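Below is one structure, written out as structure tokens, with a few remarks after it.
All figures in this text were calculated on a predicted structure; none of them were measured in a lab.
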Amino acid sequence: MQFEVWAPLTDRVVLRLDGAAYAMAPDQERAGWWVAEAPAADGAHYGFQLGAGPAPRFPGDDPRDPVHPGQHAEHPEHPGHPDHVHPVRPDPRGRRLPEGPDGLSAVVDFAALAPAEPAPAPRVALQDAVLYELHVGTFTPEGTFDAAAARLGHLTALGITHVELMPVCSFPGRHGWGYDGVAPWAVHEPYGGPAGLVRFVEAAHAAGLGVVLDVVHNHLGPSGNHLPVFGPYFTETHHTPWGAAVNLDAPGSDEVRAYFLGSALAWLRDYRIDGLRLDAVHALADDRALTFLEELSAAVDELAAETGRPLFLIAESDRCDPRTTSPRAAGGLGLHAQWNDDFHHALHCALTGESQAYYADFAEAPLGALAKTMTRAFFHDGTWSSFRGRHHGRAVDRGRTPAHRFLGYTQTHDQIGNRALGDRLAASLSPGLLACAATVALTGPFVPMLFMGEEWGAGTPWQYFTDHPDEELAEAVRAGRRREFAEHGWKAEEIPDPQDPATRDRSCLDWAEPGGGSHARLLDWYRTLIALRRSHSDLRDPDLAALRIAHDEERRWLTFRRGDVRVVVNLSGEPVTVALGRNGVRVLAAWLPVEHPDADGRVHVPAESAVVLGP
């Protein structure tokens, strides 16, 4: 088996493999690369030892030959031997880290992991998709791929088409959100490692579900990151909220870009994952003419053509820039869709009345803001942003941009977990308002995405939790979170301790909840709405300009038309009457009982309720 590593900062690399040592030779065709041949089977533990100076020579040694324990591997009689100075590091491209980011890598035989007859991947286009964001570590109390796979029947019954997994790359400790990952090619071992992910994807495909994976290219976690000793993976040319930027445009960046591009393609190729969600692409500092994101989108499109599978990329971006999802041929980045936080913020303000921080821009007239986002995608399309203190965004060309370029949602891991107490909408809204929120998201123009548990109004919070083994780092995270929310009036003792195991445990879904009461009723409403979306093509119409909308800010109602389907949402505490015109529509579904429109086309909607009407 050939082992290779890019390590341009050293003049000596030794491969350590199951107790043996092999001196690696420079690759004559690739600058900075080192290679070695060694016998290895699935599960073999290995790492790389980097050190200055030539490979050590002792009597009888040949640096090209394996060094076995008990012979001259450690040379305790030679205290100056580099083995006493330079630790063995895991492979930057290692696919498995059985002992975590600070342990050795392990060889993974993907041919042996692949099922003999893999289930065909579903071929659902984004336009027809309904996504479900899922955190493996809290979807079930067990927090594993296998336990999550056992619950996939719930998602198929709901009408979900794709599961969007939050990051599963290896990170220190057992529990965490996954955004502190430090090994972009490896799978977190406590979740089940590579074998567990293969089984999960196979189970999802067998159930007719696609799988989307959240990947983080804009930074690595603060602990367990060994990349800087191997090469210039980071650069001081740019700075981000996490420190030095990932090196996408400074010297050495060709190999760094290839590293992250290769990682992304490996998820799609080796695990048969169907799409990637790219975390915070606005934080990818990249001044090159051909950006990393363009390279990635081109490579994914090429892989899709090669495999015959509909692969896609979904960006998280706060730029409100339509070029993110515009085709590369039209001067865009070529990503297939992006999260639409403007839609979320407008809907959140309309539901809750909150106006702090970035909600301030949407809170003055939230129904008007919601109407704008539903017809023009971005609220900030060159408008003044008080939160940013500047104008922000760029208008979407509705004639060229289909609605399925955007994901719409009422809740996400960010919008819940970054609150002081990790409280969901269900903690403060009535079941009726939760039903209204679901109605807007699931019958609106964008590709819907749910956050796990929202479909039954989960009573469990989803809080910020970590498991940093480094005590100094753990205390810094704990103190930083308390300090952040103290500035907004919270007392330190009220903020959950991220390091307390109980914080993670509180965040696990309670699977007894959806079985009865208001939880079961809300779950049935979600199923009804998703079924309507699937059966009525008007609800999947990609034409943003075709959507007609009206609202009353004071009386707190909103109505919109999508083809022959009408939707009326009443957020107020009083019944409302809305004139739809004489169009012959009848009630298709209603949260509370609603009579068909009268002869004049007026419909009477109870307080905190929603109704969908059609021919």
Indicate whether any N or O donor in one side chain lies under 3.5 Å from an N or O acceptor in the other, for [X] and [Y].
X    : Y    : result
E608 : S430 : yes
E189 : S170 : no
R424 : Q411 : no
T401 : R398 : no
R504 : T138 : no
Q415 : T412 : no
S385 : D361 : yes
N218 : H282 : no

Between [X] and [Y], is the gap from one ring center to the other below 6.0 Å?
X    : Y    : value
W511 : F139 : yes
Y271 : F200 : no
H188 : F171 : yes
H217 : F292 : yes
F379 : H345 : no
H348 : Y359 : yes
F362 : H380 : yes
W339 : H344 : no

Please name the pair of heavy atoms, one in [X] and one in [Y], separated by the smallest distance, quoted to 0.1 Å.
X    : Y    : result
H519 : E513 : CB-O, 3.1 Å
P514 : L523 : CB-CD2, 4.0 Å
R534 : G159 : NH1-CA, 4.1 Å
A458 : L509 : CB-CD2, 4.2 Å
A420 : P496 : O-CD, 3.4 Å
P431 : S518 : CG-CB, 4.2 Å

Is it true that a side-chain atom of [X] and a backbone atom of [Y] form a donor plus acceptor pair closer than 3.5 Å?
X    : Y    : value
W185 : Y259 : yes
R309 : E306 : no
E133 : H413 : yes
D538 : D564 : yes
R556 : L571 : yes
R257 : L248 : yes
Y409 : D341 : yes
R533 : L442 : yes
R405 : A337 : no
S297 : L333 : yes

Q127, CD: over 12 other non-hydrogen atoms inside 6.0 angstrom: yes

[X] vs [Y] side-chain heavy atoms within contact, under 4.5 Å:
X    : Y    : answer
R562 : V567 : no
L209 : T156 : yes
V212 : Y132 : no
V215 : D279 : no
V440 : T410 : no
V124 : H162 : yes
R394 : D381 : no
T144 : P190 : no

Could you walk me through whether T291 and E294 satisfy the side-chain hydrogen bond (donor to acceptor under 3.5 Å, both in side chains) test, starting with their C-alpha distance in whole Å, then the side-chain angles of each, then the deciding distance to 0.1 Å, before giving a yes or no? CA-CA 5 Å; T291 66; E294 291 173 84; 3.0 Å; yes

Could you tell me the separation between the [atom1] atom of [X] and the [atom2] atom of [Y], rounded to the nearest 0.5 Å?
X    : Y    : atom1 : atom2 : answer
L126 : F406 : CG    : CZ    : 12.5 Å
E295 : L261 : CD    : CG    : 6.5 Å
D342 : R376 : CG    : CZ    : 14.0 Å
Q463 : I416 : CD    : CD1   : 11.5 Å
D467 : H175 : CG    : NE2   : 6.5 Å
L268 : D274 : CG    : CG    : 8.5 Å

Checking H536 against L539 for the side chain to side chain contact (heavy atoms under 4.5 Å, CB included) test, could you report, in this order, the C-alpha distance in whole Å, the side-chain angles of both residues, the deciding distance, and whether it holds? CA-CA 6 Å; H536 287 70; L539 294 179; 4.2 Å; yes

Any ion pair linking R272 and E202 (charged N to carboxylate O, less than 4.0 Å)?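 Salt bridge flag = yes for R272 with E202.
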
Ionic contact status for D301 with R328, cut-off 4.0 Å: yes

Would you sort out whether L592 and V605 count as a side chain to side chain contact (heavy atoms under 4.5 Å, CB included), showing the intermediate values? CA-CA 8 Å; L592 293 175; V605 184; over 6 Å; no

Determine the sole option in L370, T559, L367, L558 for which the side chain to side chain contact (heavy atoms under 4.5 Å, CB included) test with I549 is passed. L558

Which of these passes ring-ring contact (aromatic ring centres under 6.0 Å, His included) with H135: W177, F465, F451? F465

Could R521 and W591 be counted as a cation-pi pair, given that NZ or CZ must be under 6.0 Å from the ring centre and within 45° of the axis? yes

Let's go through W525 and T439 carefully: what are the C-alpha distance in whole Å and the side-chain angles of both, what is the deciding distance for side-chain hydrogen bond (donor to acceptor under 3.5 Å, both in side chains) to 0.1 Å, and is it a yes or a no? CA-CA 9 Å; W525 181 243; T439 304; 3.2 Å; yes

Trace of the side chain to side chain contact (heavy atoms under 4.5 Å, CB included) decision for V168 with L213: CA-CA 8 Å; V168 301; L213 178 64; 3.7 Å; yes

Candidate pair L311 and H336, rule side chain to side chain contact (heavy atoms under 4.5 Å, CB included), full reasoning: CA-CA 9 Å; L311 308 175; H336 304 90; over 6 Å; no

